[in-house]
Amino acid sequence: MPNDMTMGTDLVLGEGPGQISNNTAPESQIDLAPPLRQLPRQLSRRQKAAIIVRLLLAEGAELALQDLPDSLQGELVHQMSTMRYVDRATLKAVIDEFVFEIEEVGLSFPGGLEDTLSVLDGTISPATAARVRKLSGVQIAHDPWSAVSTMTSEQLLPLLENESPEVSAVLLSKLKTSLAAELLGKLPGQRARKIAYAVSMTGTIAPDVVSRIGRSLAEQLGAQPPRAFEDDPSERVGSILNVSPAATREEVLDGLEEEDTAFASAVRKSIFTFANIPERLQPGDVPKVTKDIDQAVLVTALAAATGDQENVANFILDAMSKRLAEGIREEMAERSAVKPAEGDAAMNEIIAQIRTLETGGEITLIVPDEDE
């Protein structure tokens with residue numbers, strides 16, 4: 001431990017700079033020292049806290065004092081600045097009291113809403129956490145940028161569209177480069193140029209200003225109502241229509257075209273049906289899809305693929321081994337006409353297998369062009 005904490009002298013803790021006062025001190029130091037003041041009988045809790053902090057820092061401990069409220073950090077700094085020396089007896093008494101209080105603590109709670117929600121993270125729903133924050137009206141206590149950086153591009157894009165270029169520039173600067181580039185690419189050219197230019201002016205911005213901007217953006221994002229569904233509505237409708245009978249699917253799409261053309265277009269792009277296999281599935285991935293499908297189901301689906309869907313059957317057969325394809329063609333020729341419901345069920349089983357492999361990352365579907 002550093003010498004200033006363990007000197008065998010009578011030391012003073014008080015408002016001014018206490019001085020060493022013992023018989024072994026150099027004569028020049030004795031001459032310069034004012035009369036020694038009496039050590040206070042009782043120390044305040046702030047003084048005790050300052051002593052413990054100073055001791056731990058002297059021992060090389062890493063203290064997360066930045067987690068304390070700003071007011072407490074300020075009081076600690078002020079208290080430590082008014083203190084000079086502490087004698088051994090006082091130091092030992094403060095340590096004994098501190099250790100005793102620590103040992104007597106059986107359980108501690110976070111002591112703040114944000115800290116409590118952090119402890120409960122994963123055990124309560126995001127909707128409940130958002131509702132508690134809204135009802136309490138508390139400010140975000142921790143680094144707001146950590147919350148902002150977890151948002152998706154869809155959540156952040158409205159901020160870039162509505163905030164000033166200067167605020168948007170700070171936001172982009174605090175995000176990962178890949179996410180910032182994605183967001184910039186989704187903005188109109190003129191808006192993107194203004195924000196990019198504003199980034200060049202962020203070099204002199206004060207840290208407290210950046211913190212206030214982050215807090216404001218985090219509060220805006222927190223004020224948004226929690227989403228019950230993670231995926232887009234068009235994707236949910238598309239997933240339902242994927243496994244619907246063809247007649248039902250076309251009837252629903254025609255109805256959507258009459259109600260909302262843009263939404264109907266988005267639904268069509270999210271739909272992946274049996275007819276889409278040649279344009280979306282890589283030929284090399286066909287064996288991965290068919291290996292876990294019962295051959296009877298495969299024969300039924302391909303036999304039912306007549307008319308406009310005949311090219312789908314040819315695409316799948318051409319991507320198989322020649323021997324396996326010949327065997328399936330023979331079974332298809334021997335099979336009687338397939339009922340529409342039976343054919344749809346077999347086709348949907350193939351589609352479901354493709355979706356399962358895509359979700360698991362075993363295959364990657366070809367993304368259709370935006371203008372299609």
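Note that the coordinates shown come from a computational prediction; the quantities given were computed from them, not determined experimentally. These values consider heavy atoms only, across backbone and side chains, with no hydrogens, waters or symmetry-generated copies.
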Side chain T82, main chain Q79, donor-acceptor under 3.5 Å: yes
Within 6.0 angstrom of F263 CZ, more than 12 heavy atoms from elsewhere: yes
Student check: side-chain heavy atoms of I354 and I350 closer than 4.5 Å: yes
N-O pairing of R335 and E331 below 4.0 Å: no
Heavy-atom neighbours of E251 CD exceed 12 at 6.0 Å: no
Polar side chain donor-acceptor pair, S149 to K176, under 3.5 angstrom: no
Lys/Arg N to Asp/Glu carboxylate O, K288 vs E362, below 4.0 Å: no
Atom CZ of R268: over 12 foreign heavy atoms under 6.0 Å: yes
Between E235 and S270: side-chain donor-acceptor atoms closer than 3.5 Å: no
Modelled atom types, side-chain donor and acceptor of D208 and S211, under 3.5 Å: no
Between T356 and Q353, a side-chain donor and acceptor under 3.5 Å: no
Exceeds 12 heavy-atom contacts within 6.0 angstrom, atom CG of N162: yes
Side-chain heavy atoms of I366 within contact of Q282, under 4.5 Å: yes
Separation between CZ of F272 and CG of L365, rounded to the nearest 0.5 Å: 5.0 Å
Side chain proximity check, R329 to L317, heavy atoms < 4.5 angstrom: yes
Between CD1 on residue I363 and CG on residue L281, distance to nearest 0.5 Å: 5.5 Å
K48 and E101 ion-paired at < 4.0 Å: no
Flag if over 12 foreign heavy atoms under 6.0 Å of CD, Q66: yes
K291 and D285 ion-paired at < 4.0 Å: no
Rounded distance [0.5 Å steps], CG in L217 versus NZ in K174: 11.5 Å
same_hphob_cluster(L55, L57) at 4.5 Å side-chain heavy-atom cutoff: yes
Residues R323 and E326 bridged, charged N to O under 4.0 Å: no
Whether Q155 side chain and T152 backbone form a donor-acceptor pair below 3.5 Å: yes
E103 (side chain) donor-acceptor with F100 (main chain) under 3.5 angstrom: no
Flag, side chain of S173 to backbone of A169, donor-acceptor distance under 3.5 Å: yes
Cluster link M201 to V210, ILVMFWY, side chain under 4.5 Å: no
Co-membership, hydrophobic cluster, residues V77 and V53, 4.5 Å side-chain: no
Hphob cluster co-occupancy, V199 + L175, side-chain heavy atoms under 4.5 angstrom: no
Atom pair CD (E310) and CZ (F315), whose distance is rounded to the nearest 0.5 Å: 15.5 Å
Donor-acceptor under 3.5 Å (R249 side chain, I240 main chain): no
Value rounded to 0.5 Å, distance of OG1 in T248 from CG in L241: 9.0 Å
